[in-house]
Amino acid sequence: MARKIGSRYTANQILGRGSAGTVWLGEGPEGPVAIKLLREDLASDQELVGRFVQERTALLGLEHPHVVSVRDMVVDGNDLALVMDLVRGTDLRTRLERERRLSPEAAVAIVADVADGLAAAHAAGVVHRDVKPENILLDMQGPLGPGGAHPALLTDFGVAKLIDSPRRTRATKIIGTPDYLAPEIVEGLPPRAAVDIYALATVLYELLAGFTPFGGGHPGAVLRRHVTESVVPLPGIPDELWQLIVQCLAKGPASRLRASELAARLRELLPMLAGMPPLEVDEPDTDPARENGEEAPEEAAAPVADRSRRRGAVPLVPGAQPDSNRDTHTSMRVPAPDELAGGALGTARAPRTPGAPRPGSARHRTAARRRRITLSVAGVVLVAAVGAGAWWASSGDEGTAPAQDPKHSAPSSP
């Protein structure tokens, strides 16, 4: 059913739903547009409306071939909407779910496009803050690039920043998508351009491997891994590409490349990736119950496909209904330093010998208990053995002196 958005636009058909709002196929004075209509409870927040107006100039001025441009911003009664260019295609998440993983050439071509878009945004002082496959659109009407990749455009600029108002988050909340959050955000630092580079490198890893480097399980465990763990190598890709991924996933923001540098380096690698098939990589266990070495009944009963699909699926707005677009935003408190460090109850996947229990897990606690029992029993046996030896020595033939050790015999008198 069509509805008016402000005085200039008409929303005709729902294209998709997300935790922040609904995307409509619409019509404006200059033709078809995409209209992102924010949720009514967000539109009624006067502070958010004020921020919406403040961001108008920055978002309307962002023009680039690999960015979905915002044409207009509408504030009308209970309607709060972004009017954007209409891209005829699909999002990267849909393609990834269909193909599981892409060829290295196609993955690098797509990420290079997005890096170009980010470079333009960062030069204009705009940080995206929520780079992920759901926010990368593939233009099916555009020319095919390396590896058969369609042109990629980054969308939803400004949405995370608009919703992340000081009153909503103060300094104790995290707004974002767990699998793609940079360590500095987890630690409570303000997001700079480097957080987009970290998220985009995570997307590249996911396109190659079929899973994110630190995802799986409870969002809190995912956040901890971003801070404490090193990225696991991917076999079968050129070392130059792997080193680029590692650099952009560095824990320290200053160690990462700038967006323009990343785009240029990726395009330099395209010739050596031509013709390479998708990687054959084993996906890690994503059962959150195994994070603590235990089996959660609600997860144990769920099909494996459902478990992986729910990874980090925490809505940005409380009460948001899940849909086909994977609501993976989260809003949660910043973990304390001791929680980020893991510890007795931590779930950080620290390097360990294959088959050895993870520190802090139920298996680890059971193994430690068994070691204590074994040491206690060994101590009792040792004490008993020493006592038995002393009893045996004292119960020898009376009047018979024990033989002396020649090395410790007293010197003879002259």
### Query
Can you name the residues that form a ring-ring contact (aromatic ring centres under 6.0 Å, His included) with Tyr9, not counting sequence neighbours?
none

### Message
The test is side-chain contact (heavy atoms from CB on, under 4.5 Å); show your working for Glu134 and Asp156 and say whether it passes.
### Response
CA-CA 10 Å; Glu134 289 84 347; Asp156 266 8; over 6 Å; no

### Query
Taking side chain as C-beta onward, heavy atoms only, is Asp91 less than 4.5 Å from Pro133?
no

### Task
Report the C-alpha distance between Val70 and Met73 in whole Å, list the side-chain angles of each, state the deciding distance to 0.1 Å, and finish with yes or no for side-chain contact (heavy atoms from CB on, under 4.5 Å).
CA-CA 8 Å; Val70 177; Met73 301 175 76; 4.0 Å; yes

### Query
Glu27: what forms a salt bridge (charged side-chain N to carboxylate O under 4.0 Å, His left out) with it, not counting sequence neighbours?
none

### Message
Tell me if a side-chain donor or acceptor on Lys251 pairs with a main-chain N or O of His226 at a distance below 3.5 Å.
### Response
yes

## Note on the structure
Residue set satisfying side-chain contact (heavy atoms from CB on, under 4.5 Å) with Leu153, at least two apart, ordered chain then number -> Val68, Val87, Asp139

### Query
Tell me, which pairs form a ring-ring contact (aromatic ring centres under 6.0 Å, His included) where one or both residues lie in residues 248-274, sequence neighbours left out?
none

### Validation row: Leu207, Arg101 side chains within 4.5 angstrom (heavy atoms)
no

#### Entry: With Arg3, the side-chain hydrogen bond (donor to acceptor under 3.5 Å, both in side chains) member among Asn12, Asp79, Thr10
Asp79

### Query
Roughly how far apart are Ile237 CD1 and Met272 CE, rounded to 0.5 Å?
11.0 Å

#### Entry: Partners meeting side-chain contact (heavy atoms from CB on, under 4.5 Å) with Pro233 (sequence neighbours left out)
Trp242

### Task
Give the C-alpha distance, both sets of side-chain angles, the deciding distance and a yes or no for side-chain contact (heavy atoms from CB on, under 4.5 Å) between Leu86 and Leu15.
CA-CA 11 Å; Leu86 180 64; Leu15 297 177; 4.2 Å; yes

### Query
Hey, are the side chains of Leu244 and Leu257 touching, using non-hydrogen atoms and a 4.5 Å cut-off?
yes

### Message
Is the shortest side-chain heavy-atom distance between Leu279 and Pro235 below 4.5 Å?
### Response
no

### Query
What distance separates Ile35 CD1 from Met84 CE, expressed to the nearest 0.5 Å?
9.0 Å

### By salt bridge (charged side-chain N to carboxylate O under 4.0 Å, His left out) - contacts of Arg88 (at least two apart)
none

### Task
Output every pair passing ring-ring contact (aromatic ring centres under 6.0 Å, His included) with a member in residues 71-113, not counting sequence neighbours, ordered by first then second residue.
none

### Minimal non-hydrogen separation, Pro104 against Pro277, with atom names
CD-O, 3.3 Å

### Query
So how far is it from Glu30 CD to Asp72 CG, rounded to the nearest 0.5 Å?
9.5 Å

### Message
Within this structure, what is the OH-CG distance for the pair Tyr205 and Leu249, rounded to the nearest 0.5 Å?
### Response
9.0 Å

### Query
Do His128 and Leu118 touch side chain to side chain, with heavy atoms closer than 4.5 Å?
yes

### Query
Can Lys4 and Asp76 be counted as an ion pair, charged N to O under 4.0 angstrom?
no

### Query
Are side-chain heavy atoms of Leu241 and Leu204 found at a separation under 4.5 Å?
yes

### Message
Quick one, Tyr198 with Leu181, criterion side-chain contact (heavy atoms from CB on, under 4.5 Å). Give me CA distance, side-chain angles, the key distance, then yes/no.
### Response
CA-CA 8 Å; Tyr198 185 94; Leu181 281 176; over 6 Å; no

### Query
Salt-bridged, Asp196 to Arg256, with N to O below 4.0 Å?
no

### Message
Less than 4.5 Å apart, side chain to side chain, heavy atoms only: is that true for Asn135 and Asp130?
### Response
yes

### Message
Looking at every non-hydrogen atom in both residues, tell me the closest pair between Gly147 and Glu105 and how far apart they are.
### Response
N-CD, 3.3 Å

### Task
State which residues pass salt bridge (charged side-chain N to carboxylate O under 4.0 Å, His left out) with Glu268; sequence neighbours excluded, sorted by chain then number.
none

### Message
So which atom in Ala209 and which in Val281 form the shortest heavy-atom distance, rounded to 0.1 Å?
### Response
O-CB, 4.3 Å

### Query
Just by modelled atom types, is the Val83 backbone N or O under 3.5 Å from a matching donor or acceptor in the Arg71 side chain?
no

### Task
Starting at CG of Leu37, measure out to CG of Leu82 and round the result to the nearest 0.5 Å.
10.0 Å

### Message
How close do Val222 and Gly217 get, counting heavy atoms only, and between which atoms?
### Response
CG2-O, 4.2 Å

## Note on the structure
d(Leu154 CG, Leu137 CG) to nearest 0.5 Å is 8.5 Å

### For Ser230, side-chain contact (heavy atoms from CB on, under 4.5 Å) partners two or more places apart
none

### Query
Out of Leu266, Asp116, Leu92, which one pairs with Val111 under the side chain to side chain contact (heavy atoms under 4.5 Å, CB included) rule?
Leu266

### Task
Not counting sequence neighbours, which residues clear salt bridge (charged side-chain N to carboxylate O under 4.0 Å, His left out) with Glu261? List them please.
Arg258

### Message
Please enumerate all residues that pass side-chain contact (heavy atoms from CB on, under 4.5 Å) together with Ala193, with sequence neighbours excluded.
### Response
His122

### Task
May I have all residue pairs that pass ring-ring contact (aromatic ring centres under 6.0 Å, His included) and include part of residues 61-112, sequence neighbours excluded?
His64-His66

### Summary
In terms of heavy-atom contacts, Ala106 and Ala149 come closest through O-CB, 4.0 Å

#### Entry: Closest heavy-atom pair and its distance - Gly236, Met276
O-CE, 3.2 Å

### Task
Answer yes when Glu206 and Arg93 have at least one side-chain N-carboxylate O distance shorter than 4.0 Å, and no when they do not.
yes

#### Entry: Flag side-chain contact, heavy atom, 4.5 Å: Ile14 against Val23
no

